[in-house]
Structure formats: structure tokens, C-alpha cells
Participant: 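After the C-alpha cells below, expect a handful of questions from me.
FYI, side chains are in, hydrogens and waters are out, and symmetry mates aren't considered; it's all heavy atoms of this structure. Throughout, numbering of the chain's residues begins at 1 and tracks the sequence. All values derive from a computational prediction rather than experimental measurement.
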Amino acid sequence: MQFLFEGYVLDPDRRQLTRGPEVIATAPQVFDLLLYLVQNREHVVSKDGLLDAVWNGRIVSESTLTSHINAARKAIDDSGADQRLIRTVARKGFRFVGDVRESQSSGDFSSLATEPAGSNATAAPALTLPDKPSIAVLPFLNLSGDPEQEYFADGVVEDIITALSRMRWLFVIARNSSFTYKGRAVDVKEVSRQLGVRYVLEGSVRKAANRVRITGQLIDATTGAHLWAERFEGTLDDIFELQDQVAASVVGAIAPQLERAEAERAKQKPTENLSAYDYYLRGTAKLNLGTREAIDEALPLFEKAIRLDPDFASAYAMAAWSHFWRKVNGWMTDVPQDVAEGARMARRAVELGRDDAVALTRAGHALAHLAGELDGGIALLDRALVLNPNLAAAWFLGGFLRVWHGEPDGAIEHFARAMRLSPLDPELYRMQAGMAVAHLFAGRFDQASSWAEKASRDLPSFLMVVGIIAASHALAGRTDEGRRAMDHLRELDPTLRISNLRQWLPIHRPEDLAAFAEGMRKAGLPE
């Protein structure tokens, strides 16, 4: 039996709420609550009745019941203010007041997406893997022995799926297909075959007193290899805030792991079989290394990706960012021409990728350096974070632009967020460099030199970092250390002078430029 109202179809057999072709995600207990209200729409349902039907008579808090009612309303485009479909009856309970038509279920749905795991769907041929990274997030196991934690665990998974779905380079299986595996022992290789994905994220939730522990692991389901595992802990004082934090942490951690795994796969492919995305991945892996030789290899790879796919926004953005990296390290051979080409590619990336967070991140940052568009670059980075709030690169590159704009403390928050989201990121040395320059402009010279030296250990040829080491030591009165760093800087770029610092870095505030120039001067940089 299906229940039809205002364009919605509530199907108890398939446990789905749909509106037209759209499947509306609902947590299991929210679905049960909505179904119970619809089935008992002829009368007011008491709170005790809901507790008996949805929570099997267990005592739950008033806030838990309210949050479930609100979630049910939201799923059917209702609200506590409107109460168009779900009405609160003061001191009595709740009643579903919409017009409902009952219909027999069609029973002929045979889509793989709706077949439960372990059914005849296992006999179907394996789906072809998409031409981009693909992942299914399976329902997390509830190890707490408390059925109340099912709602929390399911909410975490739904948030992770939603966040991953914002990444345009990633193919994510919808929640309703992933949740067909709920409560079942699964073979990840079989999941890969049935859903047509390479990667599977699985996990568990365990509650003890007022604390909850969540574990997650990322698996290459085609081989069974474990790529990443992590544990998260928190209190249940604000369960929804904890849910958001866990989802953000998981997504921030696994996104770089997915990129690295895909880059390694691309390395193994014969060159004649490479797609535009393969060239992009290879270029990104080179760009992350940051050396002059690696950038010389990365840029042609991005250009090949663009030739194969002229609308590949992120490839244009990474090519533009390669030009930026050459500029900031003094590696350009024809500065006006290279700057113009980098700016052109960045503008093309923005034009093609208005809804692509990666493209906006790299292109916006490149435009700030190559075209002097600092305010415009910040706006593009802010939009990237709206599109994908878990993109570590958007946080740290947005931090750099805030440093140059004269907001060092706000920038530090951005860098810290990036490092929290992706603590093992291949670009960690760039985040550390950002921390260094932010502390330098905030007048904290010891912290500046400490962060800069961390970054330098990963990339000793990072010109800006060597400059920060020189300036911060000199400004702190450590003249010998400052001069040693300056000797190294002048070996890396003999053309750098006090007079061209403004052309080197887009430092907006005169006092920041003056402090940096004074430190470089004390360390021995010629005028």
C-alpha cells in the first residue's frame, strides 16, 4: 500500500518517500514517524502513541521527539510555523491533516538501486565503474546496544554522503541505494560489483555514558585494500553539532586519500590509454611536490587534459596555479607572457566552473597573484567554501589571501581549519607556510620562524618560506640566522630586491609590506 499526498508518495514496502522522480532522504525513525501519522490521520496521535510506535515504548527526550517531528515536516516541505500537513494539537499530540489517497504498490520495481543486498540483484552483471572516482558510504554499525543511536549513526552517514556529493570530481552513490545494505553483513567487493563503485566507506558508532565514538575506514573495494582509518570522539550534549563535526572530519580526511589513490592508479596506466582526468591527476600529483622540475612536468599534463576536454574547468585552474607557483618561486622565464597566460587560464576556469569548488579555489587564488585581483579572489574562494565547506585547499588558499589583505588572525583560523580537515595533506607544507606569514604580519616572529622552518623541511626551495625565515629571524634580533637564510634565498633567486617585493607578493597593507621589507633588509637583501 502506498500513500499519495501533494505529489508525494510514501511507500512502506520500499521504505521510500518520493516526489516525482526524486527520492527524499529520510532517517529511519523519521520515516516511521511520518508513516505512523499518515496511517493514523483520522485522529490525533498522542506523544505516548508515537513513542510506542516509533521507539517501542522507550523513554526519549522531548528534544528528540521535537527534532524528529521537525525532520518529518522538512521532508514534506512543511514547517512548525505553517503546519500545513503535520499539525501540533496543544496538550494532545500531533495529527496529519493533508488529503491522502491510498494506492496499491506497483511491485514491479527491479532497479538495482532498490534491490536489498543479498537478493537476486547479486545475479545481475557487475556495473561498469564510472570514468571518475566513485564511492558508496555504507550505513554505520551501531555497536552501542542503544537503538536510539541508530538515528545519530544514520544522520552522520547522510551528512557524509551530502558533503561528498558536493565534490564534482567524485561519483557518489545515493543514500537510498547505500542504505539497502543496512543491518546486513556485506562483502565490499560485492558492494563494488552491485553499485559500480571503486571505493567504500564503512564505519561504526559506539556510545558509553555521555560520550560517543565513531570509527571509519576507506576501502578500495575492487581489491579489498584498506586506504585509511580514523576514530572520532565527542559528547552527546549537542548531538547534531557532533554529527556535523564528524561528517566534516571524515570528508576532509578521505578526499585527499581518494585523490592520492586515484593518482597512483593513473600512474600505472599506459600513456596511450590516458583520459583527460588521468592527465589531470598526474599533473596534480606533480604540482603537490612543488619543486621546479615537478612543475615543469605538471603544466604540460594539465595542458594535455585541456586539449582532450576543452571544458575541463579544474584543469584550466590547476594550469593557472602552476603559473602562479612559478611566479612566487621566481621560476618564470618570460614574466609578462607567463603572467598573462596564467591569468587567461584562471579566467577561463572561472567561466567554465562557476559551481566547481576546486576550479574556483585555484583560479581565484591565481588571479589574486597574477592579476592583482585580491578582493575578487577572496570572493571566489568564499564561493568555493559555500559549494564545498570541507575542501581543505579552499581554506588554506583563502587563508593566504586574507594574509595578503591584512587579516592575519582570520587567516590563521583558515589555516588551522585546513590542517584539521586534512592533517596528512600533501600540501601541508603550504599550509605551514601560510601560518608562518600570518604570524610574521601579526608581529609574532618566533612563531613565524618556527612554522616557516617546518614548511622548509618539506620543500627547501620554497622561496617565500626562505624569505619568511630570513625576515622573522632578523626582526627577532637573530641576525646570524637571518643572514644564513638570506644567503640561501639569494642562491634561489638572485634578482629579488627590496624594491620589487610588491611585485613578488600581493601584500595589501602598507604596514605589512614595510615590516616584511625591514626584516628582509636587516637580513641583507639589497635595495
Participant: Once side-chain hydrogen bond (donor to acceptor under 3.5 Å, both in side chains) is applied, do any residues pair with His414, and if so which ones, sequence neighbours excluded?
Facilitator: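 Checked His414 against side-chain hydrogen bond (donor to acceptor under 3.5 Å, both in side chains); zero matches.
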Participant: Is the Lys NZ or Arg CZ of Arg430 less than 6.0 Å from the centre of Trp325's six-membered ring, within 45° of the axis?
Facilitator: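 Cation-pi check for Arg430 and Trp325: passes.
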Participant: Quick one about Glu202 and Tyr181 (side-chain donor to acceptor, distance below 3.5 Å, no hydrogens or angles considered), yes or no?
Facilitator: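 Side-chain D/A pair, Tyr181 to Glu202: absent.
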Participant: Is there a donor-acceptor pair under 3.5 Å between the side chain of Asp512 and the backbone N or O of Leu440?
Facilitator: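 Pair absent, no side-chain N/O of Asp512 close to backbone of Leu440.
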Participant: Using side-chain hydrogen bond (donor to acceptor under 3.5 Å, both in side chains) as the criterion, list what pairs up with Arg213, not counting sequence neighbours.
Facilitator: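 Arg213 satisfies side-chain hydrogen bond (donor to acceptor under 3.5 Å, both in side chains) with Glu233 only.
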Participant: Would you say the side chain of Leu501 lies within less than 4.5 Å of the side chain of Leu525, judging by non-hydrogen atoms?
Facilitator: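 In short, these two side chains touch, coming nearer than 4.5 Å.
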Participant: If you apply the rule side-chain contact (heavy atoms from CB on, under 4.5 Å), what do you find for Met520 with Met486, and how did you get there?
Facilitator: CA-CA 8 Å; Met520 297 289 270; Met486 182 56 65; 4.0 Å; yes
Participant: Taking side chain as C-beta onward, heavy atoms only, is Gln217 less than 4.5 Å from Leu201?
Facilitator: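 No, too far: nothing below the 4.5 Å cut-off.
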Participant: Give a yes or no answer on whether the side chain of Ser322 reaches the backbone of Met318 with a donor-acceptor pair at less than 3.5 Å.
Facilitator: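 A pair under 3.5 Å: yes.
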Participant: If you measure from CZ on Phe396 to CD on Gln432, what distance do you get to the nearest 0.5 Å?
Facilitator: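 Rounded to the nearest 0.5 Å, the CZ-CD separation comes out at 11.0 Å.
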Participant: Report the C-alpha separation of Arg348 and Glu341 in whole Å, then their side-chain angles, then the decisive distance to 0.1 Å, and conclude whether the salt bridge (charged side-chain N to carboxylate O under 4.0 Å, His left out) test is met.
Facilitator: CA-CA 11 Å; Arg348 183 60 175 153; Glu341 178 62 7; over 6 Å; no
Participant: To check you understand the geometry: which heavy-atom pair defines the closest contact between Thr215 and Ser204, and what is its length?
Facilitator: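 Taking every non-hydrogen atom into account, OG1-OG, 2.7 Å.
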Participant: Check the pair Glu407, Arg509 against salt bridge (charged side-chain N to carboxylate O under 4.0 Å, His left out), reporting the backbone distance first and the verdict last.
Facilitator: CA-CA 9 Å; Glu407 308 167 38; Arg509 284 198 311 186; over 6 Å; no
Participant: Counting C-beta onward and ignoring hydrogens, is there a side-chain heavy-atom pair between Glu351 and Arg347 closer than 4.5 Å?
Facilitator: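 No - every pair of side-chain heavy atoms lies 4.5 Å or more apart.
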Participant: Applying salt bridge (charged side-chain N to carboxylate O under 4.0 Å, His left out) to Lys286 and Asp296, what does each step give before you reach the verdict?
Facilitator: CA-CA 9 Å; Lys286 293 292 184 183; Asp296 288 344; over 6 Å; no
Participant: Is any side-chain N of the basic residue among Arg383 and Asp356 closer than 4.0 Å to the acidic one's carboxylate O?
Facilitator: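 The answer is no: the pair does not qualify as a salt bridge.
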Participant: Rounded to the nearest 0.5 Å, what separates atom NZ in Lys304 from atom OH in Tyr279?
Facilitator: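 If I round to the nearest 0.5 Å, the distance is 4.5 Å.
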Participant: Among residues at least two apart in sequence or on other chains, which ones pass side chain to side chain contact (heavy atoms under 4.5 Å, CB included) with Gln337?
Facilitator: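 Gln337 satisfies side chain to side chain contact (heavy atoms under 4.5 Å, CB included) with Asp334 only.
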Participant: Evaluate the side-chain proximity of Ile160 to Phe140: yes if any heavy-atom separation is below 4.5 Å, no if none is.
Facilitator: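 SC-SC contact between Phe140 and Ile160 confirmed.
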Participant: Do the two ring centres, one from Phe312 and one from Tyr280, sit under 6.0 Å apart?
Facilitator: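 Centroid distance Phe312-Tyr280: below 6.0 Å, so yes.
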Participant: List the atom of Gly519, the atom of Ala474, and the distance in Å for their closest heavy-atom pair.
Facilitator: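 Distance-wise, the nearest heavy atoms are O-CB, 3.4 Å.
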Participant: Is there side-chain contact between Arg490 and Leu496, with heavy atoms separated by less than 4.5 Å?
Facilitator: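 Side-chain contact under 4.5 Å: no.
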Participant: For residues Leu138 and Ser178, report the shortest heavy-atom separation together with the two atoms involved.
Facilitator: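 For Leu138 versus Ser178, the nearest heavy atoms are CD2-O, 4.3 Å.
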Participant: Give the C-alpha distance, both sets of side-chain angles, the deciding distance and a yes or no for side-chain contact (heavy atoms from CB on, under 4.5 Å) between Leu401 and His365.
Facilitator: CA-CA 7 Å; Leu401 296 194; His365 183 262; 3.6 Å; yes
Participant: Return the CG to CG distance between Leu360 and Asp355, rounded to the nearest 0.5 Å.
Facilitator: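 Atom-to-atom, Leu360:CG and Asp355:CG are 8.0 Å apart.
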Participant: To the nearest 0.5 Å, how far apart are CZ in Phe516 and CH2 in Trp504?
Facilitator: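 Rounded to the nearest 0.5 Å, the CZ-CH2 separation comes out at 4.5 Å.
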Participant: Can you check whether Phe441's main-chain N or O pairs, donor with acceptor, with Arg444's side chain at less than 3.5 Å?
Facilitator: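 Side chain of Arg444 to backbone of Phe441: no pair is present.
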Participant: To the nearest 0.5 angstrom, please state how far the CG atom of Asn500 sits from the CG atom of Asp493.
Facilitator: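 Separation between the atoms: 8.0 Å.
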Participant: Quick one: are Leu397 and Leu381 in side-chain contact, heavy atoms under 4.5 Å?
Facilitator: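 Touching, per the 4.5 Å side-chain cut-off.
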Participant: Which heavy-atom pair separates Ala319 from Ile306 by the least distance, and what is that distance?
Facilitator: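 For Ala319 and Ile306, the tightest heavy-atom pair comes out as CB-CD1, 4.5 Å.
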Participant: I need the minimum non-hydrogen distance between Ala276 and Ala305, along with the two atoms involved.
Facilitator: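 That closest heavy-atom pairing would be O-CB, 3.3 Å.
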Participant: Where do Lys189 and Gly224 come nearest, in terms of heavy atoms and distance?
Facilitator: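 Scanning both residues completely, I find the closest heavy atoms to be CE-N, 4.1 Å.
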Participant: Is Glu413 paired with Arg402 through a side-chain N to carboxylate O contact shorter than 4.0 Å?
Facilitator: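 Salt bridge absent between Arg402 and Glu413.
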Participant: Can you give each donor-acceptor pair under 3.5 Å made by side-chain atoms of residues 451-464, sequence neighbours left out, with the distance rounded to 0.1 Å?
Facilitator:
residue: Glu453; atom: OE2; partner: His473; partner atom: NE2; Å: 2.8

Participant: Hey, are Thr222 and Ser192 close enough side-chain-wise for a donor-acceptor pair under 3.5 Å?
Facilitator: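 On atom types as modelled, these side chains do not qualify, holding no pair under 3.5 Å.
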Participant: Got a second to check how far Met419's CE is from Trp395's CH2, nearest 0.5 Å?
Facilitator: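 Met419 atom CE to Trp395 atom CH2 measures 13.0 Å (nearest 0.5 Å).
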Participant: Step by step, would you call Lys327 with Asp338 a side-chain contact (heavy atoms from CB on, under 4.5 Å)?
Facilitator: CA-CA 8 Å; Lys327 177 179 183 291; Asp338 291 347; over 6 Å; no
Participant: Side-chain contact test, heavy atoms from C-beta onward, threshold under 4.5 Å: evaluate it for Ile135 versus Leu218 and give yes or no.
Facilitator: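 When only atoms from C-beta onward are counted, Leu218 and Ile135 do touch, with a gap below 4.5 Å.
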Participant: Would you please name every residue forming a side-chain hydrogen bond (donor to acceptor under 3.5 Å, both in side chains) with Arg502, sequence neighbours left out?
Facilitator: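 Partners of Arg502 by the side-chain hydrogen bond (donor to acceptor under 3.5 Å, both in side chains) criterion come out as none, since no residue qualifies.
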Participant: Taking only residues two or more places apart in sequence, or in another chain, which ones meet His405 in a ring pair (Phe, Tyr, Trp, His ring centres under 6.0 Å)?
Facilitator: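 So His405 forms a ring pair (Phe, Tyr, Trp, His ring centres under 6.0 Å) with His508.
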Participant: Checking side-chain contact (heavy atoms from CB on, under 4.5 Å) between Leu489 and each of Ile468, Val466, Ile469, Val465, which is the one that passes?
Facilitator: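 The residue from Ile468, Val466, Ile469, Val465 that satisfies side-chain contact (heavy atoms from CB on, under 4.5 Å) with Leu489 turns out to be Val466.
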Participant: Do Arg362 and Trp321 form a cation-pi contact, if we require the NZ or CZ to be under 6.0 Å from the six-membered ring centre and within 45 degrees of the ring's axis?
Facilitator: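 Checked: cation-pi criterion met.
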Participant: Is there side-chain contact between Arg521 and Glu527, with at least one heavy-atom pair below 4.5 Å?
Facilitator: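 Of all side-chain heavy-atom pairs linking Glu527 with Arg521, at least one is under 4.5 Å.
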Participant: Would you find a donor on one side and an acceptor on the other, under 3.5 Å apart, between the side chain of Ser134 and the backbone of Arg198?
Facilitator: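 Yes: the side chain of Ser134 pairs with the backbone of Arg198.
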Participant: Got a sec: does the CZ of Arg417 have more than 12 other heavy atoms crowding it under 6.0 Å?
Facilitator: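 Atom CZ in Arg417 is crowded, with more than 12 foreign heavy atoms closer than 6.0 Å.
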Participant: Assess whether side-chain contact (heavy atoms from CB on, under 4.5 Å) is satisfied between Arg326 and Leu299, documenting all intermediate values.
Facilitator: CA-CA 10 Å; Arg326 281 179 165 176; Leu299 189 52; 3.5 Å; yes
